[in-house]
Amino acid sequence: MTPKEKLRPISGFPELLPEYRMVELEWIDKLRSVFESYGFASIEPRTVEPVEVLLKQGDTDKEIYTIGRLMADPSDKAEPTYALHYDMTVPMARYVAANMNDLTFPFKRYQIQKAWRGERPQDGRFREFLQCDVDVVDTREIPLHFDAEIPVIMHEAVEAIGAGPLTTKINNRKVLEGYYAGLGITDAGNAIRIIDKLDKIGAKGVGTMLTEELGLDGATIEKVLGLAEIQGNDASVVQRVKALGVTSELLEQGLEELHFVMRELERFPEGAFVADLSIARGLAYYTGTVYEAKFADFPDFPTVCGGGRYDNLVGDLVSKRLPGIGISIGLTRIFAKLMREGRIEAGRKAPTDILVAHTRGAPYDLVRETAHTLRSRGFKVEQYHEDRKLNAQLKYAGEKGIPWVWFPPSEEGGEHQVKNSASRDQVAADPATWMPE
RNA sequence: GCGGGUGUAGCUCAGGUGGUUAGAGCGCCAGAUUGUGAUUCUGGAAGUCGGGGGUUCAAGUCCCCUCACUCGCCCCA
């Protein structure tokens, strides 16, 4: 590898300059405070799982990164194959199952961590990215109220970082599966996967795929598309589904749930939450309410938040059933899009409040003590450790956006001075009492 | 995994149909200016032209292969 190749960016592994990382950190702080305001606790499970855990819920074609030791003996089978997690939901379920005795249920947690996927990167899609998950998990049935609360938390969070407006589409897997069952479609899973492409390939494309892959006839496809076309921002969508004349027990139950959730969300501005019967979500483990949020202004940009309700994520790990519901915010994806749209204002290049200059002739003890005094009073202070001309020192402070430059006296007992970088005013000051005006 | 686009200095890019020693702007370093940020001026460092092979007297330029980045498909935050 040439030095130049070593310096090249790696596709899908974004890196931020300090002035933007500072913004990202602010976002994380805001998200945390929203999550905590609803009583969610933070956990940080390991980022690595046995491959079998990640593949537990079907989807064996997941693009996952495995990890191994460089020095490992290839013939040594003793070490299980580990992999970086590609989302936080299944690993969280494993964490809950492992610590069940020490957790209090319903367990409410948030996680802000990196995830890794080996997919081909493109606009808004990365191989290493930050996800912010909020989930409720219980050993008993979870009240439907959470189905309405979770997307509200997410909207609040996205609003807090100034990333809106968002449109969240809501559906219920039971409606889809129940409706398909009522139509006599046996392979609901594949039907859902195909229907999910409606906004991308259109009704015709979906119809073709349904015929080719599932062998559905024209009348059935009509019915399937009829359901997928229904959307609205209130509970009335339920009536329109019923009007299609398909019935099944599961469908009834799903419609009741959807009705409840939409009624709860009616109080929000129009367009914020929309029932959309074409939304399916690719992941296999969802069993009830599902969410999918996009930027209202950029409908072609990929989903920025997604989630839903699942009956049981731990499978055969423990004998108990662990139902849950949650949502994930794609922070890296949102950040990248807003960055591209010029909506992210760079922060400062350093957190420093005060640069203590290297005053020629000043006793070093005095300079260090000056910095220490200011630091102990709560200021973020760095010292310029090199004896260079003040031009260079001031230029450094200016470029880094450090608002104050402190000049210790060049002799013991002399007068300290502090300079305002912006106004260039310089006045005498005492490090023990000085306050920025 | 499949398809399109792009690779020349730290960054953004010029380099008609092959032709001497590969350029510009910005940035960087030093000085003018022996201690207070601008501007200006002067000087300087920095390139295996992504890599390999081929054609040719001659390749940054043409051909083949390859790698990387990028956009889309699949899939997903």
Side-chain angles (χ1 to χ4, degrees), chain A residues 1-14 17 31 59-64 85-89 111-134 154 157-158 163 166 168 193-194 196-197 200-201 205 209 280-284 286 290-295 300-308 326-337 340 355 357-362 384 386-407 410 417-426:
Chain A
M1 226 184 192
T2 64
K4 194 172 176 178
E5 284 170 329
K6 290 178 190 163
L7 290 182
R8 257 202 289 257
I10 300 180
S11 178
F13 291 80
L17 291 171
L31 293 176
D59 295 312
T60 50
D61 57 340
K62 283 286 177 227
E63 294 277 10
I64 64 176
H85 61 208
Y86 63 83
D87 72 9
M88 255 135 260
T89 310
Q111 251 173 276
I112 300 176
Q113 280 181 271
K114 289 277 176 69
W116 293 267
R117 291 182 196 172
E119 296 159 338
R120 189 71 79 206
Q122 56 194 68
D123 185 23
R125 187 208 292 172
F126 303 91
R127 299 214 260 211
E128 176 181 67
F129 53 97
L130 257 183
Q131 260 188 320
C132 312
D133 276 37
V134 192
M154 184 207 71
V158 171
L166 232 50
T168 300
R193 185 180 55 79
I194 295 169
D196 203 34
K197 301 180 192 306
K200 212 163 219 170
I201 62 177
M209 282 184 82
R281 308 290 309 140
L283 293 172
Y286 293 122
V290 288
Y291 317 103
E292 192 170 289
K294 288 175 172 257
F295 286 120
D300 291 333
F301 193 70
T303 306
V304 293
C305 307
I327 208 159
S328 179
I329 301 175
L331 191 137
T332 302
R333 182 171 275 180
I334 293 175
F335 197 92
K337 182 60 176 172
R340 204 167 167 147
L355 175 72
H358 188 290
T359 308
R360 184 160 295 159
Y384 201 93
E386 201 183 346
D387 182 10
R388 293 184 71 193
K389 54 185 185 183
L390 289 177
N391 261 337
Q393 301 190 38
L394 288 164
K395 194 178 171 209
Y396 171 79
E399 282 179 11
K400 260 198 171 173
I402 300 172
W404 304 94
V405 180
W406 195 279
F407 298 97
S410 54
Q417 295 203 331
V418 62
K419 176 168 187 149
N420 181 321
S421 282
S423 68
R424 306 198 175 196
D425 293 335
Q426 188 167 326

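Numbered from 1 within each chain, the chains take letters A, B, ... in sequence-line order.
Side-chain proximity of A:Asn391 to the nucleotides B:rA77, B:rU33, B:rC73 is greatest for B:rU33. Relative to the side chain of A:Lys419, the nucleotides B:rU36, B:rA38, B:rC75 differ in distance, and B:rU36 lies closest. Listed candidates were B:rC69, B:rU36, B:rA77. Nearest to the side chain of A:Ser11 is B:rC69.
Of the side-chain N and O atoms in A:Arg388, one or more sit less than 4.0 angstrom from OP1 or OP2 of B:rA30. Contact check, A:Gln393 against B:rU36: no side-chain N or O comes under 4.0 Å of OP1 or OP2. Checking the phosphate oxygens (OP1, OP2) of B:rG37, no side-chain nitrogen or oxygen of A:Ser421 falls inside 4.0 Å. Remark: A:Arg120 is not in phosphate contact with B:rC69, judged by side-chain N or O atoms under 4.0 Å from OP1 or OP2.
The CD-C1' distance, from A:Gln122 to B:rG72, rounds to 6 Å in whole Å. In this entry the distance linking CG of A:Asp123 with P of B:rU70 reads 11 Å, nearest Å. Distance A:Arg127 CZ to B:rU70 C1': 12 Å, rounded to the nearest Å. Residue A:Phe126 contributes atom CZ, which lies 12 Å from atom C1' of B:rU70 at whole-angstrom precision. Following rounding to the nearest Å, A:Met209 (CE) and B:rC73 (P) show an atom-to-atom distance of 14 Å. The distance between atom NZ of A:Lys389 and atom P of B:rU33, rounded to the nearest whole Å, is 10 Å. When rounded to the nearest whole Å, the span between CD1 of A:Ile10 and P of B:rC67 equals 16 Å. In this structure, CG of A:Asp387 is placed 14 Å from P of B:rU34, rounded to the nearest angstrom.
No salt bridge links A:Lys294 with A:Asp300; every basic N to acidic carboxylate O contact stays at or beyond 4.0 Å.
Between A:Met154 and the options A:Leu31, A:Leu166, A:Val304, a side chain to side chain contact (heavy atoms under 4.5 Å, CB included) holds for only A:Leu166.
In this entry B:rU20 has no Watson-Crick or G-U wobble partner, no candidate having both defining distances under 3.5 Å. Nucleotide B:rA30 is matched to B:rU42 when pairs are restricted to Watson-Crick or G-U wobble geometry with both distances under 3.5 angstrom. Applying the Watson-Crick and G-U wobble criteria (two distances, each under 3.5 Å), B:rG25 pairs with B:rC11. Under the Watson-Crick or G-U wobble criterion, with both distances below 3.5 Å, B:rC49 has no partner in any strand shown. Under the Watson-Crick or G-U wobble criterion, with both distances below 3.5 Å, B:rG37 has no partner in any strand shown. Here B:rC73 sits opposite B:rG1 as a Watson-Crick or G-U wobble pair (both hydrogen-bonding atom distances under 3.5 Å).
For B:rC63 and B:rG25, the P atoms lie 32 Å apart once the distance is rounded to whole Å. One P atom belongs to B:rA59, the other to B:rU42, and the distance between them is 37 Å to the nearest Å. Between the C1' atoms of B:rA22 and B:rG47, the separation comes to 9 Å (whole Å). Nucleotides B:rA32 and B:rG15 are separated by 35 Å at their C1' atoms, to the nearest Å. Atom name P, nucleotides B:rG10 and B:rU21: the rounded distance is 23 Å, in whole Å. Going from the C1' atom of B:rU56 to that of B:rA46 covers 32 Å, rounded to whole Å. On the P atoms, B:rC49 is 43 Å away from B:rG37, given to the nearest whole Å. Atom P of B:rG60 sits at a distance of 23 Å from the matching atom of B:rA45, rounded to the whole Å.
Ring planes of A:Tyr396 and A:Tyr384: perpendicular class, angle over 60° (limits at 30 and 60°).
The distance from the CG atom of A:Leu331 to the CZ atom of A:Phe129 is 11.5 Å, given to the nearest 0.5 Å. In this structure, A:Glu128 CD and A:Ser11 OG are separated by 12.5 Å, a value rounded to the nearest 0.5 Å. A:Thr359 contributes atom OG1, which lies 7.5 Å from atom CD of A:Gln393 (distance to the nearest 0.5 angstrom).
With contacts defined as side-chain heavy-atom distances shorter than 4.5 Å, the pair A:Asp87/A:Gln131 qualifies.
At the heavy-atom level, A:Gly398 lies under 4.0 Å from base atoms of the strands shown. Within the nucleic acid shown, A:Asn420 comes within 4.0 Å of at least one base atom, counting heavy atoms only. A:Tyr396 comes within contact range of no nucleotide atom at all, as no heavy-atom separation falls under 4.0 Å.
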